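To keep things clear, I will list the structure first and then write my remarks on it.
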Amino acid sequence: MRIRYFAWLKQRTGCVEEELDLPAEIETVADLVTYLGERHPRFAEAASGRGVVRCAVDQTHAEPTARLAGAREVAFFPPVTGG
Amino acid sequence: MRIRYFAWLKQRTGCVEEELDLPAEIETVADLVTYLGERHPRFAEAASGRGVVRCAVDQTHAEPTARLAGAREVAFFPPVTGG
Amino acid sequence: MIRVQAEAFDPGRELSRFAAGRSDIGAVASFTGLVRDSHRGERILAMTLEHYPGMTERELERIEAEARQRWPLDDSLVIHRYGRMLPGEPIVLVATASAHRAAALDACAFLMDWLKTKAPFWKCEETPSGEHWVEARESDDRAAARW
Amino acid sequence: MIRVQAEAFDPGRELSRFAAGRSDIGAVASFTGLVRDSHRGERILAMTLEHYPGMTERELERIEAEARQRWPLDDSLVIHRYGRMLPGEPIVLVATASAHRAAALDACAFLMDWLKTKAPFWKCEETPSGEHWVEARESDDRAAARW
């Protein structure tokens with residue numbers, strides 16, 4: 001699965017994207033956040049704040065409870081600030 | 001006093017404006033409407049409808065109770081439809 | 001700024017000028033009202049706007065001053081035409097500039113709502129069946145009353 | 001129509017094109033967001049907008065479709081830049097056209113409010129003290145929630 005990071009989350013993980021083979025027990029966005037937090041401690045730190053890290057599964061906004069089955073690309077980013 | 005009529009009220013009075021010496025007892029906009037209604041029956045007809053004839057005293061919107069003392073120009077018109 | 005004029009104008013060009021050369025403005029909102037080619041199912045050939053010279057400018061200035069008191073605006077512009085115009089031609093342009101989005105958008109809507117009920121303009125439509133004075137809408141009074 | 005682009009654009013010129021040659025439109029509302037030269041008292045030298053190519057277009061199209069379902073719009077336009085831009089430069093233009101004033105104005109405000117909370121853009125400011133990612137505002141969430 002392709003994981004992408006945007007804005008200041010790139011600085012927390014040290015990468016723009018990574019390709020990962022996830023263990024079968026990673027079923028939801030919340031599971032994935034925990035898993036990625038073990039790889040990137042500063043990502044875990046950001047993700048512990050409420051609403052600070054948002055997620056999109058296959059380019060659609062997704063809640064922590066959203067399931068990952070079949071997903072090809074998951075992105076993490078701070079709240080948007082366009083306009 | 002100069003009396004002006006706008007939009008379809010001109011057709012009701014047959015004039016765009018008229019210069020009148022008003023009797024002393026004409027003190028308010030409502031008095032003037034009654035007085036003008038005697039000169040122009042079709043103006044009276046329009047003025048009998050609620051909210052159909054609006055008034056401005058010296059180019060400022062005015063209610064029927066507004067006093068005319070010192071006024072130089074009074075205008076009557078239907079509700080505005082600009083924009 | 002208030003402009004009441006018989007001449008046609010290009011709202012896009014006016015907007016390019018408005019706020020040009022300023023970098024303190026974060027938000028510009030605008031509204032353009034145009035002559036439509038039909039109204040209640042009847043074809044409109046042309047529209048003539050009568051107004052009350054003198055009172056028009058005075059009312060528009062009063063409305064603009066009210067908007068600038070209610071919202072933190074950096075600039076505002078109202079252009080309103082009078083006289084005869086054809087379908088597709090702009091009648092009115094309102095533009096507002098502010099550091100903040102909500103102020104610009106709300107002030108723009110407010111200016112239009114008040115203009116619609118207070119500025120002394122009257123529309124007369126030319127249709128295939130003759131000329132008709134446009135009647136005021138109750139919905140305009142309601143829109144103005146919400147501010 | 002949705003446009004996501006790195007190139008600068010002139011909102012006035014875009015508005016002149018939008019609705020050009022149409023005489024069925026009575027109302028055009030627009031909003032332009034620009035880079036400001038200061039933010040919370042700090043000078044802004046430049047602004048870089050990062051975005052999520054692919055998802056950006058998808059979200060903007062979704063938001064536009066939602067607006068066109070909620071209001072009777074004849075046309076709508078969203079242009080949003082990404083990349084680096086200087087104070088005074090337009091970032092975003094939203095325009096809506098309708099037979100009716102309230103529909104155009106409300107849909108324009110709605111598009112901006114939803115864009116501000118859903119479209120994947122992130123602003124990074126260059127200031128004399130360095131680069132800062134702009135933090136999202138709670139007021140934007142509240143503005144989006146009212147629709």
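Lettering of chains follows the sequences in order, A, B, ..., and the numbering in each one begins at 1. What you are looking at is a predicted structure, and each value in this text was computed from that prediction instead of being measured.
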Return the option, out of C:R137, C:R62, C:M112, with the maximum number of heavy-atom pairs under 4.5 Å with chain B. C:R62

Region of C:R81 in contact with chain B, defined by heavy-atom distances below 4.5 Å: neither

Please flag which part of C:E135 lies under 4.5 Å from any non-hydrogen atom of chain B: side chain, backbone, both or neither. backbone

Return yes when atom [atom1] of [X] has more than 12 non-hydrogen atoms of other residues, nucleotides or ligands closer than 6.0 Å, and no otherwise.
| X | atom1 | result |
| --- | --- | --- |
| C:R43 | CZ | no |
| B:R39 | CZ | yes |
| C:R146 | CZ | yes |
| C:E42 | CD | yes |
| C:E138 | CD | no |

Interatomic distance, [X] atom [atom1] to [Y] atom [atom2] [nearest 0.5 angstrom]:
| X | Y | atom1 | atom2 | value |
| --- | --- | --- | --- | --- |
| B:H61 | C:T117 | NE2 | OG1 | 7.5 Å |
| B:R4 | C:M55 | CZ | CE | 11.0 Å |
| C:W133 | B:K10 | CH2 | NZ | 4.5 Å |

Excluding sequence neighbours, so at least two apart, what forms ring-ring contact (aromatic ring centres under 6.0 Å, His included) with B:F43? B:Y5, B:F76

Can you classify the ring geometry of B:F77 versus C:Y52 as parallel (below 30°), tilted (30 to 60°) or perpendicular (above 60°)?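 B:F77 vs C:Y52 ring planes: perpendicular.
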
Minimum-distance pair of heavy atoms, taken over all atoms of [X] and [Y]:
| X | Y | answer |
| --- | --- | --- |
| B:P78 | C:W122 | O-NE1, 2.8 Å |
| C:K123 | B:G83 | NZ-O, 3.6 Å |
| C:A136 | B:V80 | CB-O, 3.9 Å |
| C:R58 | B:Q59 | CD-O, 3.3 Å |

Show me the side-chain donor-acceptor pairs of residues 99-107 of chain C shorter than 3.5 Å, one per line, residues at least two apart or across chains.
{"from": "C:R101", "atom 1": "NE", "to": "D:D113", "atom 2": "OD1", "distance (Å)": "3.2"}
{"from": "C:R101", "atom 1": "NH1", "to": "D:D140", "atom 2": "OD1", "distance (Å)": "3.0"}
{"from": "C:R101", "atom 1": "NH2", "to": "D:D113", "atom 2": "OD1", "distance (Å)": "2.8"}
{"from": "C:R101", "atom 1": "NH2", "to": "D:D140", "atom 2": "OD1", "distance (Å)": "3.4"}

Minimum side-chain heavy-atom gap C:K116-B:T81 below 4.5 Å: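 In short, these two side chains do not touch, never coming nearer than 4.5 Å.
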
